[in-house]
Amino acid sequence: MDQPESSFRDNVYAIVAGIPAGKVMTYGQIAALSGHPRAARQVGQIAHFGPSDLPWWRVVNKQGGLAGAYTNGGRTEHKRALVADGVVVDDEYKVKVGEILWWPVE
DNA sequence: CGAATGACCAAGC
DNA sequence: GGCTTGGCCATTC
């Protein structure tokens with residue numbers, strides 16, 4: 001392909017696609033692992049405009065809060081998808097930080 | 001191609 | 001504790 005293989009976008013795809021069911025990751029974490037520790041916003045853009053083949057519902061913010069602009073219908077469906085995957089949700093629309101999957105850094 | 005937007009994060013007041 | 005600012009860069013108009 002014409003694109004460089006180590007694109008920020010491509011890395012995000014691989015990471016999000018690699019999130020196991022029952023776990024969630026944060027935008028900042030994904031961005032950092034993609035090579036841009038401050039590009040958490042782009043993860044959100046990719047999530048919105050990017051491919052829908054990836055489990056974006058397993059992606060939450062640093063507070064464990066769900067995305068308010070979830071393409072499927074908002075936090076309602078987002079939370080529902082998480083619970084369906086086996087993720088523990090504390091409040092109506094928040095996930096425990098302890099349930100977040102942290103990648104093997106260092 | 002340029003400007004605007006944005007599903008975030010961290011620091012400052 | 002909540003609002004404001006700066007930063008990142010892909011997607012859209």
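Proteins get letters first, then strands, A, B, ... in listed order; numbering begins at 1 in each.
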Practice problem: Step by step, work out the side-chain contact (heavy atoms from CB on, under 4.5 Å) result for A:F8 and A:V43. | Solution: CA-CA 9 Å; A:F8 172 72; A:V43 182; 3.9 Å; yes
Exercise. Please assess A:I100 against A:W102 for the test side-chain contact (heavy atoms from CB on, under 4.5 Å), listing each intermediate value before the final yes or no.
Key: CA-CA 6 Å; A:I100 298 176; A:W102 297 93; 3.9 Å; yes
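Of the candidates C:dC9, B:dA7, C:dA10, C:dA10 carries the atom nearest the A:R9 side chain, counting heavy atoms from C-beta on. Residue A:Y27 has its side chain nearest to B:dC8 when only C:dC9, B:dC8, C:dT11 are considered. Considering only the side chain of A:Q42, B:dG6 comes nearest among C:dT11, B:dC8, B:dG6. Comparing C:dT12, B:dA7, C:dA10 by their closest approach to the side chain of A:A67 singles out B:dA7. Checked against B:dG6, C:dA10, B:dA7, the side chain of A:R41 finds its nearest nucleotide in B:dG6.
A:A47 comes within 4.0 angstrom of a base, heavy atoms only. A:H48 comes within 4.0 angstrom of a base, heavy atoms only.
Neither A:Y93 nor A:V83 shares a network with the other; the hydrophobic side chains, linked directly or stepwise wherever heavy atoms of I, L, V, M, F, W or Y lie under 4.5 Å apart, form separate groups for each.
Whole-Å rounding puts the A:W56 CH2 to B:dG6 C1' distance at 14 Å. Here the C1' atom of nucleotide C:dC8 and the CG atom of A:L33 are 16 Å apart, to the nearest Å. Between A:D10 atom CG and C:dA10 atom C1' there is a gap of 12 Å when expressed in whole angstrom units. The separation between A:Q63 atom CD and B:dA7 atom P is 15 Å, rounded to whole Å. When the C1' atom of C:dA10 is taken as reference, atom CG of A:N11 falls 14 Å away, rounded to whole Å. The CD1 atom of A:I46 sits 16 Å away from the P atom of C:dC8 (whole-angstrom rounding).
Within residues 14-25 of chain A, no residue is approached by DNA chain B to less than 4.0 Å at the level of any non-hydrogen atom.
Summary of the strand contacts: A:Y13 and A:A40 both lie near DNA chain C, and taking for each the nucleotide with the nearest heavy atom, the more 5' one is attributed to A:A40.
Two residues are said to be in side-chain contact when any heavy atoms from C-beta on lie closer than 4.5 Å; A:Y27 and A:V60 fail this criterion.
When atom types are taken as modelled, the side chain of A:T26 and the backbone of A:Q29 share a donor-acceptor pair closer than 3.5 angstrom. The main-chain N or O of A:G65 is found under 3.5 Å from a side-chain atom of A:N61 such that the two form a donor-acceptor pair.
Residue A:V59 is tested with A:L54, A:V24, A:I30 for a side chain to side chain contact (heavy atoms under 4.5 Å, CB included); the sole match is A:I30.
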Can you tabulate the close N/O pairs, meaning under 3.5 Å, that link protein atoms to atoms of nucleotides 10-13 of chain B?
residue	atom	partner	partner atom	Å
B:dA10	OP1	A:K62	NZ	3.0

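Within the structure, every side-chain polar atom (N or O) of A:H36 is placed at least 4.0 Å from both OP1 and OP2 of C:dC8.
Using cut-offs of 30° and 60° for the angle between ring planes, the A:Y70 and A:H78 rings count as parallel.
Residue pairs meeting the side-chain hydrogen bond (donor to acceptor under 3.5 Å, both in side chains) criterion with at least one member in residues 37-59 of chain A, sequence neighbours excluded: A:W57-A:D85, A:R58-A:D85.
Contact between A:K23 and A:E99 at its shortest, heavy atoms only, is CD-O, 3.3 Å.
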